[in-house]
Amino acid sequence: MNTRIRLKLIAATVLACALPTLPAMAQTAAKPKVALVMKSLANEFFLTMENGAKEHQKAHAAQYDLIANGIKDEQDTANQIKIVEQMIVSKVSGLVIAPADSKALVPVIKKAIDAGIIVVNIDNKFDDAALKEKGITVPFVGPDNRKGAKLVGDFLAKQIKSGDKVAIIEGVSTTFNAQQRTLGFQDAMGAAGAKVVSVQSGQWEIDPGNKVASSMLNAHPDIKAILAGNDNMALGAVAAVKAAGKTGKVLVVGYDNINAIKPMLKDGRVLATADQFASQQAVFGIETVLKALSEKKPQSSLGGAVETKVQLVTKDSK
């Protein structure tokens with residue numbers, strides 16, 4: 001057998017072996033790719049969110065592929081913008097995002113929408129005015145943060161008296177959910193007749209929360225409670241209260257119901273928190289994207305809010 005005939009036979013064999021795989025390749029290419037872009041994965045809340053999303057994708061592996069990304073800390077807005085730009089280049093079908101900043105992410109979200117990507121907002125709502133300025137609509141899937149914070153504040157109000165001084169540790173002040181939780185705390189304290197003597201940002205994180213709480217305790221030694229906009233900052237506040245020798249004298253509440261807070265709920269170091277079901281938040285967003293894709297709905301037809309549940313958690317919760 002000469003060389004030319006041998007090469008033709010080899011080529012024919014390779015082609016015959018490859019043909020059966022073509023339908024499967026086509027099927028894989030048609031499967032939508034959904035990107036989940038979160039805030040800081042150093043925050044247990046977002047790790048729980050990521051795990052919930054991965055479990056959902058595993059159970060629906062035939063329906064979509066998932067790319068999950070997060071940033072190094074709650075203020076790493078520039079890197080989150082870069083991640084979204086990478087997802088645009090990767091030509092994902094859908095994007096579910098918990099923005100680090102309610103306004104700063106809007107321009108890159110506009111780019112994603114212009115590229116034909118379906119975008120759904122979770123956790124921290126985009127600023128309505130910023131969306132309107134760019135001429136885009138993005139549905140928000142998540143809890144009513146003001147309502148959730150008021151639940152926590154109302155529970156705290158039962159433990160203090162009218163006229164008592166309290167302080168609020170806010171998340172990143174440019175974020176919608178931080179603002180809404182502060183408003184919810186203020187609603188509850190106002191109704192109880194308590195006096196909010198300080199509102200300062202703890203940047204959603206333990207160490208800044210600890211420093212802010214220490215400063216508050218020094219400036220206002222007679223405060224009766226600290227209301228923290230998330231559990232990370234509540235952990236920092238608990239440490240500050242202990243360092244000041246005021247455990248049991250200054251009450252602390254949080255928001256998120258992360259695992260690290262649960263022992264503190266049991267022993268009273270933290271009075272209450274709110275569960276907004278982190279493991280399901282991204283799932284709700286992903287399902288919204290998949291529904292829009294399957295029904296071939298354009299981004300312009302999407303909008304409004306899908307409110308998810310938030311629940312008060314105390315030591316007596318089951």
Side-chain angles (χ1 to χ4, degrees), residues 32-39 45-46 49-50 52-53 56 64 66-71 74 76-148 171-172 174-181 276-278 280-310:
K33 187 160 53 176
V34 178
L36 171 62
V37 179
M38 296 162 287
K39 292 193 279 183
F45 178 82
F46 291 105
M49 178 184 285
E50 181 182 33
H56 183 269
Y64 74 101
L66 177 69
I67 304 172
N69 285 290
I71 51 180
E74 299 286 354
D76 193 13
T77 304
N79 194 40
Q80 196 178 47
I81 290 170
K82 288 179 183 177
I83 292 171
V84 175
E85 288 172 340
Q86 290 167 2
M87 294 304 98
I88 295 170
V89 172
S90 298
K91 297 185 177 180
V92 297
S93 309
L95 172 67
V96 177
I97 182 165
D101 189 289
S102 298
K103 295 180 180 179
L105 270 291
V106 171
V108 77
I109 291 305
K110 170 75 161 56
K111 287 183 186 178
I113 291 170
D114 288 346
I117 297 169
I118 293 294
V119 179
V120 171
N121 176 201
I122 61 170
D123 179 61
N124 177 38
K125 191 177 182 299
F126 283 120
D127 182 79
D128 287 333
L131 292 174
K132 186 176 181 179
E133 183 184 343
K134 291 296 181 182
I136 56 175
T137 59
V138 179
F140 175 71
V141 179
D144 184 326
N145 283 277
R146 187 168 184 168
K147 184 191 296 182
V172 174
T174 56
T175 58
F176 182 79
N177 56 346
Q179 296 163 3
Q180 290 294 298
R181 291 177 197 178
Q276 55 174 337
F277 305 94
Q280 293 302 303
Q281 271 206 36
V283 170
F284 295 143
I286 289 166
E287 288 178 342
T288 302
V289 164
L290 294 176
K291 187 173 187 292
L293 290 171
S294 68
E295 295 176 0
K296 294 182 168 51
K297 288 187 175 180
Q299 184 76 31
S300 59
S301 71
L302 306 176
V306 178
E307 186 176 331
T308 59
K309 66 180 179 176
V310 60

Quick one, Ile81 with Leu105, criterion side chain to side chain contact (heavy atoms under 4.5 Å, CB included). Give me CA distance, side-chain angles, the key distance, then yes/no. CA-CA 6 Å; Ile81 290 170; Leu105 270 291; 3.7 Å; yes
Step by step, would you call Val89 with Gln86 a side chain to side chain contact (heavy atoms under 4.5 Å, CB included)? CA-CA 5 Å; Val89 172; Gln86 290 167 2; 5.6 Å; no
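- In terms of heavy atoms, Ala178 sits closest to Val172 at CB-O, 3.2 Å.
- Note: Asn69 CG to Gln80 CD = 10.0 Å, rounded to the nearest 0.5 Å.
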Between Thr308 and Val141, is the side chain to side chain contact (heavy atoms under 4.5 Å, CB included) condition met? List the steps. CA-CA 7 Å; Thr308 59; Val141 179; 4.1 Å; yes
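- Separating the CD atom in Gln276 from the CG atom in Asn145 is a distance of 5.5 Å, to the nearest 0.5 Å.
- Atom CE of residue Met49 and atom CG of residue Leu36 lie 7.0 Å apart, to the nearest 0.5 angstrom.
- Ile113 is not listed as a side-chain neighbour of Lys110, based on a closest heavy-atom distance of 4.5 Å or more.
- Under the side-chain hydrogen bond (donor to acceptor under 3.5 Å, both in side chains) rule, Thr174 has a single partner from Asp127, Asp101, Asn124, which is Asp101.
- Gly52 and Val283 get closest at one heavy-atom pair: O-CG2, 3.6 Å.
- Under the rule for a side chain to side chain donor-acceptor pair (under 3.5 Å), Lys103 has no partner lying at least two apart in sequence or in another chain.
- A distance-only check finds no donor-acceptor pair linking the side chain of Gln299 to the backbone of Gly116 [under 3.5 Å].
- With rounding to the nearest 0.5 Å, the separation of CE in Met38 from CD1 in Ile83 is 9.0 Å.
- Residues Ala115 and Ile88 share a closest heavy-atom pair of CB-CG2, 4.0 Å.
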Could you walk me through whether Val306 and Phe284 pass the side chain to side chain contact (heavy atoms under 4.5 Å, CB included) check? CA-CA 9 Å; Val306 178; Phe284 295 143; over 6 Å; no
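- Listed here is the closest heavy atom pair of Leu302 and Ala292: CD1-CB, 4.0 Å.
- When all heavy atoms of Pro298 and Ile118 are compared, the pair lying nearest together is C-CD1, 4.3 Å.
- The shortest distance between side-chain heavy atoms of Val96 and Thr288 does not fall below 4.5 Å.
- Pairing each heavy atom of Ile117 with each of Val92, the nearest pair is CG1-O, 3.3 Å.
- A distance of 6.5 Å separates CD1 of Ile286 from NE2 of His56, quoted to the nearest 0.5 Å.
- A cation-pi geometry, defined here as NZ or CZ lying under 6.0 Å from the six-membered ring centre and within 45° of its normal, holds between Lys125 and Phe176.
- Between the CG atom of Leu95 and the NZ atom of Lys33 there is a distance of 12.5 Å, given to the nearest 0.5 Å.
- A donor-acceptor pair under 3.5 Å is absent between the side-chain atoms of Thr175 and the main chain of Ser102, judged by distance alone.
- Between the side chain of Gln281 and the backbone N or O of Asp123, at least one donor-acceptor pair lies under 3.5 Å.
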